[in-house]
Chemist: 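Mind having a look at this structure? Questions to follow.
Each chain gets a letter, A, B and so on, in the order the sequences are listed, and its residues count up from 1.
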Protein chains: 2
Amino acid sequence: MAYLADKMAKKKIVEADLSTEEKIKQAAQKVFMKKGYAATRTRDIAEEAGINLALLNYYFRSKEKLFELIMIEKLGNFFGAIAPILNNENLSLEQKMTQLSGSYIDMLNENPELPLFILSEIRYNPDRFANRMPLQKIVESHLTKQLHDKRPDLHPLHFLMNLLAMTVFPFIMKPVIHAAGVFSEKTFVAKMEERKQLIPRWMSALLRMK
Amino acid sequence: MAYLADKMAKKKIVEADLSTEEKIKQAAQKVFMKKGYAATRTRDIAEEAGINLALLNYYFRSKEKLFELIMIEKLGNFFGAIAPILNNENLSLEQKMTQLSGSYIDMLNENPELPLFILSEIRYNPDRFANRMPLQKIVESHLTKQLHDKRPDLHPLHFLMNLLAMTVFPFIMKPVIHAAGVFSEKTFVAKMEERKQLIPRWMSALLRMK
DNA sequence: GTCTATAACCTGATAGAC
DNA sequence: GTCTATCAGGTTATAGAC
């Protein structure tokens, strides 16, 4: 009950007590994530923010610049959470896998549209993203070294791809699962909760293989 | 050499000897897949097909209807290839996994943009796709029964999700990998070729686990 | 069937009043 | 800072000539 009241209070703040600039930013985030850059009209954002269309350009100059701002933040969410874990030299391989699947699934449960949003926008406009993603830092991470010590025969890229795939792919399939009516939102969250424990165990099984 | 000549001959047919209707269809497929529905202009399609804009509406009435046509075909490619394998009662669990990763990776190598295209469009317009995907047929497949016999403790959904994730996810990450300059097209194909053998072995390891 | 020309509408952005 | 009104350009779709 207290939690629910807290949530409602938070919602109210979002709707009312925010600066105009912040209201536009949050509205833009919501609409861009839902429709993608191309299908979003600046009018949609203005309406969602409860302000006039002209104010959007007053604060952010253009649709493009507003989108850039949102995208930088989202790229940070999507890639920023991985690298620190993969490069933490105090964690064992098993601890890294547990932390990564755990914290990443938590983050994605809060923001389930994030992967497909980012991936779609990169797909439809790759130029915008050249040299913007810290993927090399992920490939050359401390985890890669640990993996090489344990299983020099297994290419780290396959391992990383599998770890990410098991964690992220269900969220990418989420719209399909719902559109097909396979199961409910609640069941989905529960299944992902299970995966937090299962993924590290599956990945360990891959490491022990053969 | 003969193969190359054959390919070039095919290309020429595509460019010249096709009916107007077919030329538009193929152009639409190309442009929709590259830019997505919202960012595609009918003018782009007309230009790509080498015809006039009016002809597009003459043959297909509207952008929307043309898109529907393409999408039905693509949904067939994406989902249609899975169900027959998963429901083939003459294949063992291991054979199913081998065939699925093998034939699916082959298909995706020919059409690497397919998953992200479909997933993006569903995400940005879920209503269009309600009750259009044979996902229930996949969940209730013969593979599910075999899996239940072997490992009643492992939910088939987790298993299927992992199998699909390992197979499809790399293609979803492909634009990221290229935009980040991690490695070349040729290396990507080679790595996916490796995975055709590796995925069934990994999945078997998951089945033996614990 | 295929084209040109144009209608009808929509979208991002700005000018100018308050 | 915020609004209304409007511009300039682009988009889908169609009318009508050939």
Side-chain angles (χ1 to χ4, degrees), chain A residues 12-74 117 120-121 124-125 127-128, chain B residues 12-72 74 117 120-121 123-125 127-128:
Chain A
K12 214 165 190 178
I13 291 171
V14 168
E15 278 164 358
D17 299 352
L18 242 47
S19 73
T20 303
E21 189 172 347
E22 197 57 32
K23 270 194 279 185
I24 298 174
K25 248 192 206 167
Q26 297 201 3
Q29 177 172 309
K30 185 172 170 183
V31 181
F32 277 138
M33 295 263 281
K34 187 177 173 196
K35 304 195 178 194
Y37 178 80
T40 293
R41 296 169 304 156
T42 49
R43 280 168 169 79
D44 297 336
I45 298 175
E47 192 187 355
E48 175 72 34
I51 52 99
N52 189 277
L53 171 60
L55 274 181
L56 188 150
N57 291 89
Y58 174 77
Y59 280 104
F60 299 97
R61 282 190 47 104
S62 74
K63 176 186 177 184
E64 176 90 22
K65 290 215 193 309
L66 178 52
F67 179 79
E68 284 289 320
L69 217 69
I70 305 291
M71 190 43 103
I72 286 168
E73 193 188 313
K74 295 297 164 189
F117 169 69
S120 306
E121 297 299 332
Y124 291 144
N125 201 345
D127 303 335
R128 231 207 289 256
Chain B
K12 213 166 190 178
I13 292 170
V14 168
E15 278 164 0
D17 299 351
L18 240 47
S19 73
T20 303
E21 188 171 349
E22 196 58 33
K23 271 194 278 185
I24 297 174
K25 247 193 207 167
Q26 297 202 4
Q29 176 173 310
K30 184 171 170 183
V31 181
F32 278 138
M33 296 264 280
K34 187 177 174 195
K35 304 195 179 192
Y37 178 80
T40 293
R41 296 168 306 155
T42 48
R43 280 169 168 78
D44 298 336
I45 298 174
E47 192 185 355
E48 176 72 34
I51 53 98
N52 189 276
L53 172 58
L55 274 181
L56 188 150
N57 291 89
Y58 174 77
Y59 279 104
F60 300 97
R61 281 188 50 101
S62 74
K63 176 185 176 183
E64 176 89 22
K65 291 216 191 311
L66 179 52
F67 180 77
E68 285 289 320
L69 217 71
I70 304 292
M71 189 44 103
I72 286 169
K74 294 297 164 188
F117 169 69
S120 306
E121 298 298 332
R123 159 100 193 84
Y124 291 146
N125 201 344
D127 303 334
R128 230 205 292 254

Chemist: Out of D/dA13, D/dT6, C/dC3, which has the shortest distance to the side chain of A/R43?
Modeler: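 The nucleotide sitting nearest to the side chain is D/dT6.
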Chemist: Closest approach to the side chain of B/N52, judged atom by atom: which nucleotide of D/dT2, C/dC3, C/dG1 is it?
Modeler: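 The closest nucleotide is C/dC3.
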Chemist: Among the nucleotides D/dT14, C/dA15, C/dC3, which one has an atom lying closest to any side-chain atom of B/N57?
Modeler: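 It is D/dT14.
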Chemist: Within this structure, what is the CZ-to-P distance between B/F60 and C/dT2, rounded to whole angstrom?
Modeler: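 Rounding to the nearest Å, CZ of B/F60 and P of C/dT2 are 12 Å apart.
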Chemist: Got a donor-acceptor contact below 3.5 angstrom from the A/E121 side chain to the A/Y37 backbone?
Modeler: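 Flag set: sc A/E121 to bb A/Y37 pair under 3.5 Å.
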Chemist: For the side chain of B/R128 and the backbone of B/E68, is there at least one donor-acceptor N/O pair under 3.5 Å apart?
Modeler: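 Answer holds: no.
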Chemist: Have a look at A/L53 and say if it touches a base, only the backbone sugar-phosphate, or nothing, with a 4.0 Å heavy-atom cut-off.
Modeler: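 The residue A/L53 makes base contact.
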Chemist: Quick one: A/K63 NZ to C/dT14 P, roughly how many Å, whole number?
Modeler: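 A/K63 atom NZ is separated from C/dT14 atom P by 15 Å.
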Chemist: Could you give the distance from NZ (A/K63) to CZ (A/R43), rounded to the nearest 0.5 Å?
Modeler: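 CZ of A/R43 is found 11.5 Å from NZ of A/K63.
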Chemist: What integer distance in Å separates A/L55:CG from C/dG12:P?
Modeler: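 The distance from CG of A/L55 to P of C/dG12 comes to 16 Å, rounded to the nearest Å.
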Chemist: Grab the CG-P distance between B/D44 and D/dA13 for me, whole Å please.
Modeler: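 It is 14 Å, rounded to the nearest whole Å.
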Chemist: When only distance counts, do a donor and an acceptor, one from the side chain of B/R41 and one from the base of D/dG10, lie under 3.5 Å apart?
Modeler: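 No such pair is found, so the answer is no.
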Chemist: Please state how far atom CD1 in B/I51 lies from atom C1' in D/dA13, giving the value in whole angstrom units.
Modeler: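 Result: 14 Å.
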Chemist: For B/F67 and D/dA13, give me the distance from atom CZ to atom C1', rounded to whole Å.
Modeler: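 These atoms are roughly 19 Å apart.
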Chemist: Please work out whether the ring planes of B/F67 and B/F32 are parallel, tilted or perpendicular, with thresholds of 30° and 60°.
Modeler: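 Rings of B/F67 and B/F32: perpendicular, as their planes differ by over 60°.
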Chemist: Is any side-chain N of the basic residue among B/E47 and B/R41 closer than 4.0 Å to the acidic one's carboxylate O?
Modeler: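 Judged by the 4.0 Å cut-off on N to carboxylate O distance, B/E47 and B/R41 do not form a salt bridge.
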Chemist: In whole angstrom, give the distance that lies between atom CD of A/E47 and atom P of C/dG12.
Modeler: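 The distance from CD of A/E47 to P of C/dG12 comes to 13 Å, rounded to the nearest Å.
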Chemist: Whole Å only: how far is the CG atom of A/L56 from the P atom of C/dA13?
Modeler: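 Spelled out: CG on A/L56 to P on C/dA13 is 8 Å.
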Chemist: Indicate whether OP1 or OP2 belonging to D/dT11 is found under 4.0 Å from a side-chain N or O atom of B/T42.
Modeler: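 Answer is no, no contact under 4.0 Å.
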Chemist: Would you tell me if any nitrogen or oxygen in the side chain of A/Y59 comes within less than 4.0 Å of OP1 or OP2 on D/dT2?
Modeler: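 Affirmative; the distance criterion is met.
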Chemist: Both A/Y58 and B/E64 contact DNA chain D. Taking the nearest nucleotide for each, which residue is further toward the 5' end?
Modeler: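 Upstream on the strand: A/Y58.
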Chemist: Name the closest nucleotide to the B/A54 side chain, picking from C/dG12, C/dG1, D/dT14.
Modeler: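 Output: D/dT14.
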